[in-house]
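Both counts, for ligands and for their atoms, begin at 1 and track the order of listing.
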Amino acid sequence: MKPAVFLEFADRQRCARQLASDLAQVLNQTLAQQARAGLLLPGGSSPQVLLPHLAAQALDWARIDLSPTDERWVASDDPHSNYRLLHAALPQANCLDPRQGDSPQRAASQWQAQLAVWLPFAAVLLGMGEDGHFASLFPGMLDLQAALDPLAVPAALPAQAPVEPCQRLSLNLNMLCQTGWLGLLAFGAAKRSLIEEALAGSTQLPVQALLDNGHVPVKIYWAP
Ligand SMILES: O=C1O[C@H](COP(=O)(O)O)[C@@H](O)[C@H](O)[C@H]1O
């Protein structure tokens with residue numbers, strides 16, 4: 001497999017512009033060959049600069065199936081909801097709410113079943129925390145190793161964050177790798193240092209497993 005590619009930009013706007021254009025190219029290529037394209041995007045703060053650029057791309061949004069890579073177990077209109085962020089920014093896409101049941105376990109299993117119909121995804125973009133987590137796969141989490149196993153059955157699972165909102169839903173690493181294009185968006189010096197350590201193979205953090213996934217090379221978009 002090709003190694004990860006590290007793309008460095010002078011500022012966040014330039015980074016977001018290029019990433020939006022690259023995502024649009026992948027999605028348009030997919031839509032030229034099939035009826036629908038699956039897109040997974042992260043929540044949190046990093047995509048907020050990306051989403052207006054992405055919304056401005058020439059894309060047939062009605063044919064794009066969109067889901068967050070992970071979700072906080074809060075109401076879908078809560079300001080912490082990743083679904084809320086994506087749906088508000090890209091209202092014309094078919095945005096799937098991961099809250100598909102009345103408990104995290106039931107929601108995860110329904111969300112997983114619905115995503116299985118979209119496979120393979122056209123593109124998956126991840127964010128990363130300063131603790132090295134991606135999606136909602138946090139260092140020290142119960143069953144983390146199973147969720148990071150590149151040979152695990154592609155799945156959605158209940159997850160736990162060390163900070164509020166603690167109860168999460170996340171896709172496992174192998175579900176996130178069922179894609180033709182895999183990207184990681186990260187801003188700031190602290191995240192850059194972590195990525196450099198992971199590229200050198202010297203961390204035990206979740207992001208290390210992402211970069212070493214063995215399925216699909218990761219394109220890293222970074223700006224200060
Ligand atoms: O909790 C989460 O954190 C990560 C990173 O967020 P950021 O604010 O540091 O960009 C995010 O990718 C994930 O989707 C989110 O649920």
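Looking at P68 against ligand 1, nothing comes within 4.0 Å, counting heavy atoms. Contact annotation for L126 and ligand 1: no heavy atom of the residue comes within less than 4.0 Å of the ligand. Residue contacts with ligand 1, taken as heavy atom pairs separated by less than 4.0 Å, do not involve E130 at all. Only the side chain of K191 comes within contact range of ligand 1, with a heavy atom under 4.0 Å; no backbone atom does.
Residue G127 approaches ligand 1 through these ligand atoms, each under 4.0 Å from one of its heavy atoms: 12 (O). Those atoms of ligand 1 with a heavy atom of D70 less than 4.0 angstrom away are 13 (C), 14 (O), 15 (C), 16 (O). Here is the list of ligand 1 atoms found below 4.0 Å of a heavy atom in A135: 13 (C). Listed by atom number, the atoms of ligand 1 under 4.0 Å from S45 heavy atoms are 7 (P), 8 (O), 10 (O). Using a 4.0 Å cut-off to heavy atoms of P42, the atoms of ligand 1 that qualify are 12 (O), 14 (O). Of all atoms in ligand 1, listed by their number and element, those nearer than 4.0 Å to a heavy atom of S46 are 7 (P), 10 (O).
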- [ ] List the steps, then state whether salt bridge (charged side-chain N to carboxylate O under 4.0 Å, His left out) holds for D97 with R84.
- [x] CA-CA 8 Å; D97 187 344; R84 177 182 183 262; over 6 Å; no
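The pair R192-E8 counts as a salt bridge, with a side-chain nitrogen and a carboxylate oxygen less than 4.0 angstrom apart. Using a 4.0 Å cut-off between a side-chain N of Lys or Arg and a carboxylate O of Asp or Glu, E71 and R99 qualify as a salt bridge.
When only interatomic distances are considered, the shortest N/O to N/O separation between G43 and ligand 1 falls below 3.5 Å.
You'll find the side chain of P165 stays beyond 4.5 Å of the side chain of W73, heavy atoms only.
Using cut-offs of 30° and 60° on the angle between ring planes, the pair F9 and Y221 is parallel.
If you check the side chains of D70 and S136, you find a donor sitting under 3.5 Å from an acceptor. With 3.5 Å as the limit, one finds no donor-acceptor pair spanning the side chains of Q145 and D149. Side-chain contact of R12 with S46: a donor-acceptor pair under 3.5 Å is absent, judged by distance alone. Residues H133 and D131 have side chains that bring a donor and an acceptor to within less than 3.5 angstrom of each other. Side-chain contact annotation: W118 with S67, donor-acceptor N/O pair under 3.5 Å absent.
The nearest protein atom to atom 6 (O) of ligand 1, hydrogens excluded, is given as G44 CA, 4.0 Å; this is a heavy-atom distance. Among protein heavy atoms, atom 3 (O) of ligand 1 sits closest to H133 NE2, 3.0 Å.
Using a non-hydrogen distance threshold of 4.0 Å, R168 registers as a contact of ligand 1. Residue contacts with ligand 1 include R72, since one of its heavy atoms falls under 4.0 Å from the ligand.
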